[in-house]
Structures are given as C-alpha cells and as structure tokens.
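Each remark here refers to the structure printed beneath this line.
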Protein chains: 2
Amino acid sequence: MSEDNQNKTVIFFIISDSAGETASKLAQATMAQYPTVDFEIFRRTFITTKEALIKSLVDAKKHDAIILHTLINEDLVKLAHDFCEASELYHFDVLTPPVLEVQRRSGVTPTREPGALHHLNKNYFKRIKAMEFAVKYDDGKDPRGFLEADVVLLGVSRTSKTPLSLFLANKNLKVANLPLVPQAHIPKQLWEIDPKKIVGLTNDPEVLNGIRKERMIAYGLNPDTAYSDIEKIKSELAFAHDLYEKLGCVVINVASLSIEETASMILNALNLEDHSYYITEDNAD
Amino acid sequence: MSEDNQNKTVIFFIISDSAGETASKLAQATMAQYPTVDFEIFRRTFITTKEALIKSLVDAKKHDAIILHTLINEDLVKLAHDFCEASELYHFDVLTPPVLEVQRRSGVTPTREPGALHHLNKNYFKRIKAMEFAVKYDDGKDPRGFLEADVVLLGVSRTSKTPLSLFLANKNLKVANLPLVPQAHIPKQLWEIDPKKIVGLTNDPEVLNGIRKERMIAYGLNPDTAYSDIEKIKSELAFAHDLYEKLGCVVINVASLSIEETASMILNALNLEDHSYYITEDNAD
C-alpha cells in the first residue's frame with residue numbers, strides 16, 4: 001500500500017431506515033481495530049424513501065465512503081445494491097443475510113417494516129420501566145427497590161455501579177445498587193432477597209487509589225485525602241468482601257473490565273445471558 | 001414450505017470474543033421482522049480460545065442454530081468458517097467484511113485484539129461520566145446541571161425524559177432534564193444557556209391521557225384523577241409549548257416514537273448526528 005493511503009481518513013456511511021444502531025455498533029467495532037487510522041462516521045437514519053436513499057448514496061459516493069446499511073424494504077435494498085455496484089462503492093448489507101435465513105427456515109415472510117425493532121410493544125415498555133427503575137433505585141436511594149429488583153449490585157465507590165445498572169436496564173433488567181462504606185448501615189432488605197440476585201463488585205486497591213486521586217484532582221481538591229488513601233481503600237474492600245461472603249453472593253472484580261464486559265459476566269453468573277432479556281412482541285409474557 | 005417449518009423455533013447463536021453487543025443487535029433487528037416466529041437466542045461471549053469456540057460451535061450444531069459471529073482473531077475466524085462449512089451450519093461473519101475493507105483502504109493491519117471496542121480509553125470514561133451525569137441531573141434535581149449539559153430535555157410527565165437522557169448519555173452526551181408542570185418554577189439557568197442545546201418534548205393529549213390512566217391503574221389508584229384529566233393535560237401542554245416558544249428551542253412530539261427514534265431526531269436537530277460522539281482512542285481530544 002502507498003504512503004498516501006496511510007494518511008487518508010476512512011469514512012463510514014451508516015444508512016438505515018430506522019435509528020441505525022446495529023450498523024453504528026458494527027462501524028465502532030471495526031474502527032476499534034485500527035487505533036492509528038482516522039475515521040469519520042456519517043449517519044443517515046430514517047431513510048424510508050427512494051429519494052432520501054439516493055441523496056444519501058450520492059453523498060456517500062462524494063466521500064468515497066464504506067457503506068454499512070440496514071434497510072428492510074426490498075426496493076430500497078435493491079436500489080442501494082445497484083447504485084453501489086454501478087458506482088463501485090463498497091457496501092455491506094448487514095440485515096439481509098440473517099433475515100433471508102430466517103425466512104428459509106421458518107417459511108414465514110418478513111414484515112419488511114422499517115423500525116420494527118423499536119415498536120412500542122410490551123418489551124419496549126418493560127425496558128423503559130427498567131431504565132426508570134435504575135434511576136429511582138440508584139445509589140441505595142430506597143432499599144425497598146432491592147425486593148423488586150432482578151439484580152442488586154453492591155460495591156465500594158468507583159466500581160461502576162451506576163453505569164452498570166443503566167446498561168443492564170437497557171436489557172430489560174430491573175437493577176438496584178448500593179454503595180458500600182464501612183460505617184454504613186446495611187439495609188435489612190439485603191438479607192431478605194435471594195443471594196443469586198446479588199452481585200458484589202470489587203476492584204484492585206491500586207486501581208481505586210488511582211481513580212480516586214484523579215477524581216479529587218478533577219474536583220480541584222488535594223488528591224491525597226482519606227478517600228484515596230490506600231489503607232482506607234483496603235479496609236473498605238475488606239468490609240465489602242466480608243459482606244459478600246456473609247451474603248453468599250457472586251463477586252466480580254471490575255479492575256480491568258469495561259461495563260459491557262462486567263455486564264456480560266453478571267448475566268453469565270446469574271444465568272440471565274440467554275433468552276430472558278431478548279423478548280419479541282409475542283412472547284413478551 | 002411445510003407446516004412443520006412454520007412451528008419450528010428458530011435459534012440464534014451469538015458468538016463473540018467480546019460482549020457480543022453488535023451481533024445481538026443484529027439478531028434482535030432480524031427477529032423484529034418476524035413477529036409470529038418463535039425465537040431463542042443463545043449468547044456465547046468472551047470466546048477467545050479454540051477450545052471454547054469449538055464447544056460453542058458443537059452446541060450451536062446441536063440446536064441447528066443460525067450463527068452470527070464477531071470474532072477478530074484470524075485463527076478463530078477460520079475455525080468457525082471451516083467448522084460451519086463442514087457441518088452445513090448457517091454462519092454469518094459480521095465483522096470481517098468491514099475490517100478487511102478498512103485494511104484495503106488504509107493499508108494498516110488491524111490489531112486483531114478482542115474487545116478493542118471496550119478499551120478503557122478516554123472515550124470510555126467520557127461515556128461513564130455522561131451516564132453518571134444523566135442520573136445526577138435527572139428530573140431537574142439540580143438546575144446547575146443545565147449549564148454543564150450538552151443537551152437539556154424539557155417535557156411534561158411521560159414524555160420519556162429519563163430513558164432518553166440515559167440513551168443519549170450512552171452516546172457520550174451530558175444530558176440534564178426538567179419536568180414541566182404549570183405551577184413549577186422555571187430555573188433561571190434555562191435562560192442562560194444556548195437554546196440550541198434545549199429540546200422541548202411534547203406528546204398528543206390523548207396519548208398522555210391513556211398512559212397516565214394506565215399508570216394510575218398500575219399504582220392501584222382511580223384512573224380518572226386530575227393527573228389523567230384531558231383538559232388538565234391540554235393546559236400542561238399549552239404551558240410547555242408557550243415556554244418552548246419563549247426559549248426558541250426545538251420541539252419534538254414523541255407520541256409515536258421510540259426512544260431510539262426520538263434520540264436520533266434530537267441528534268439530527270442539534271447537529272450532533274455525525275462525528276461528535278463516535279470517538280476512537282486517538283482522536284478523543
């Protein structure tokens with residue numbers, strides 16, 4: 001490859017008849033493989049007419065973009081295909097292969113309705129409720145939430161309890177979380193629920209020390225406070241581990257994990273990885 | 001197709017060397033096209049060894065599953081390909097096509113590192129901060145958040161402010177929201193920020209009436225309270241619209257929109273759809 005290529009910005013065009021979430025995720029996963037390459041990503045969402053699609057394709061051609069599309073209307077799929085072939089534009093039709101395979105297996109014709117994933121069905125409202133639940137019962141605000149929750153997260157400060165709760169809520173799970181500090185009162189509800197619903201989050205003392213120092217600096221405070229003191233952190237973690245053992249719950253060390261990774265581990269540990277949270281309209285209850 | 005096919009459960013196997021989010025989204029988008037078909041979805045995540053992959057593939061074969069995979073290690077990609085071809089198992093390699101196309105264009109070799117999308121980089125921490133921000137400044141809890149926010153959502157009760165805030169937070173945007181009730185005090189900070197950052201959410205009175213009646217029923221209360229009274233709802237909406245006009249902000253009616261769709265419209269309206277929130281490690285600041 002030429003030197004010239006090395007400095008070229010690679011442009012993705014996400015073209016979708018809906019919100020474009022699937023193809024955007026794919027573009028991001030691809031980009032993450034090339035930390036030294038410059039990328040731009042353009043999103044053309046809610047493309048449901050030929051006119052809008054042609055406009056997006058012409059625009060993509062101008063940028064010599066990599067086109068990732070998730071279109072369901074057959075005319076639009078064909079238009080995208082023919083345009084890209086004629087213009088020698090790279091295009092990847094992400095949705096058609098699995099859609100056709102399901103048709104082949106089931107003998108059922110797809111509805112070909114754009115945005116079907118986001119229909120305001122029971123599943124959708126369950127997810128919205130789960131998100132509201134996560135905000136309502138974040139940070140131990142109301143221990144009654146533990147009784148209703150599908151998952152209860154415990155952890156010392158800076159073990160990603162809030163973002164994890166929100167991430168799992170997006171998978172229809174009702175999540176409550178409780179920050180652990182040695183002096184804190186442990187709500188009695190924790191002992192009333194199935195320990196299989198509880199996850200104890202922990203972290204390496206050195207990692208917490210680093211994060212907390214940064215947090216103090218961000219607040220414009222002295223980084224060497226009790227909050228970031230390594231001995232204090234160790235005693236907090238010991239208190240947490242002691243509680244986890246008494247509860248008999250799963251323990252996950254988040255030290256080198258992203259929330260996606262931790263969330264996947266939680267789902268595995270709690271046997272929620274399969275089935276439960278990908279519910280389509282007709283088997284929603 | 002035979003009758004028999006019609007009743008068969010279609011099974012997806014998501015196989016990923018990371019959290020499997022991309023392929024899961026694709027499976028969901030596919031399933032949404034077949035509201036009458038029964039599906040099951042099995043997720044095999046963090047598959048990074050040949051042994052684990054073979055185990056997953058054997059399991060997928062037992063279920064005669066549709067395999068969607070996002071593997072980056074070349075040996076694993078080849079193993080999955082060869083196994084599926086030999087076993088006549090349907091497989092769709094979602095990640096390889098765009099990864100190879102970027103290599104062709106840039107001349108750069110992909111890192112081939114599993115889970116690169118979830119690296120704990122600046123982008124990641126920005127997103128975590130955005131999620132914490134959304135929870136902290138939800139529901140008008142602290143009007144100082146408006147000054148710091150990238151997006152401020154206003155709306156009467158039941159216009160999806162909280163889930164929208166969380167969804168946008170997941171795209172690295174700092175979002176604060178304020179519920180509007182006619183008697184409420186409008187914080188002075190709203191007049192100090194750029195109206196281009198503000199989105200006024202509205203809804204059809206009939207839709208709100210229906211949602212609120214259901215909410216009252218869910219609470220075990222009489223559905224015909226002032227909260228669900230159509231005239232009261234209309235006056236709330238009029239109050240909101242009047243404020244939106246004074247602020248000069250964008251107005252979006254969420255009546256028939258999912259949060260994904262509303263979020264996409266907000267991003268479009270605020271010119272945030274492209275670039276801004278898909279930041280890779282090296283262009284994070």
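Naming convention: chains lettered A, B, ... in sequence-line order (proteins, then strands); numbering from 1 in each chain.
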Given that the side chain runs from C-beta out, which part of B/Thr109 has a heavy atom under 4.5 Å from chain A: side chain, backbone, both or neither?
->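 Backbone of B/Thr109 only, per the 4.5 Å heavy-atom cut-off to chain A.
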
Under 3.5 Å donor-acceptor, A/Asp93 side chain and A/His81 backbone |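 No, because the side chain of A/Asp93 does not come within donor-acceptor range (under 3.5 Å) of the backbone of A/His81.
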
Counting distance only, does the side-chain N/O of A/Ser160 pair as donor-acceptor with the main-chain N or O of A/Pro163 below 3.5 Å?
->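 No, because the side chain of A/Ser160 does not come within donor-acceptor range (under 3.5 Å) of the backbone of A/Pro163.
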
Under a 4.5 Å heavy-atom cutoff, which of A/Arg127, A/Gln33, A/Met131 has the most pairs with chain B?
->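 The answer is A/Gln33.
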
Report the option among A/Ile14, A/Leu166, A/Ile128 that has the most heavy-atom pairs separated by less than 4.5 Å from atoms of chain B.
->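 The residue among A/Ile14, A/Leu166, A/Ile128 with the greatest pair count is A/Leu166.
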
Criterion side chain to side chain donor-acceptor pair (under 3.5 Å) on A/Thr162 and A/Asp138, from CA distance to verdict = CA-CA 7 Å; A/Thr162 298; A/Asp138 182 53; 2.8 Å; yes

Which residues pass the side chain to side chain contact (heavy atoms under 4.5 Å, CB included) test with B/Asp142, sequence neighbours left out?
->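 Here the qualifying residues are B/Tyr137, B/Arg144.
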
Any residue meeting side chain to side chain contact (heavy atoms under 4.5 Å, CB included) with B/Ser16, in chain and number order, not counting sequence neighbours |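 Testing B/Ser16 for side chain to side chain contact (heavy atoms under 4.5 Å, CB included), a comparison that skips the adjacent residues, returns B/Ser18, B/Thr70.
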
So for [X], is it side chain, backbone, both, or neither that comes closer than 4.5 Å to the heavy atoms of chain B?
X        : result
A/Val10  : side chain
A/Leu68  : side chain
A/Phe92  : side chain
A/Asn268 : side chain
A/Ile66  : both
A/Lys141 : side chain

In terms of ring plane angle, is the pair B/His63 and B/Phe42 parallel, tilted or perpendicular, where the classes change at 30° and 60°?
->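 Ring orientation of B/His63 relative to B/Phe42: tilted.
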
Residues A/Glu101, A/Arg105: salt bridge by 4.0 Å N-O rule =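 Salt bridge present between A/Glu101 and A/Arg105.
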
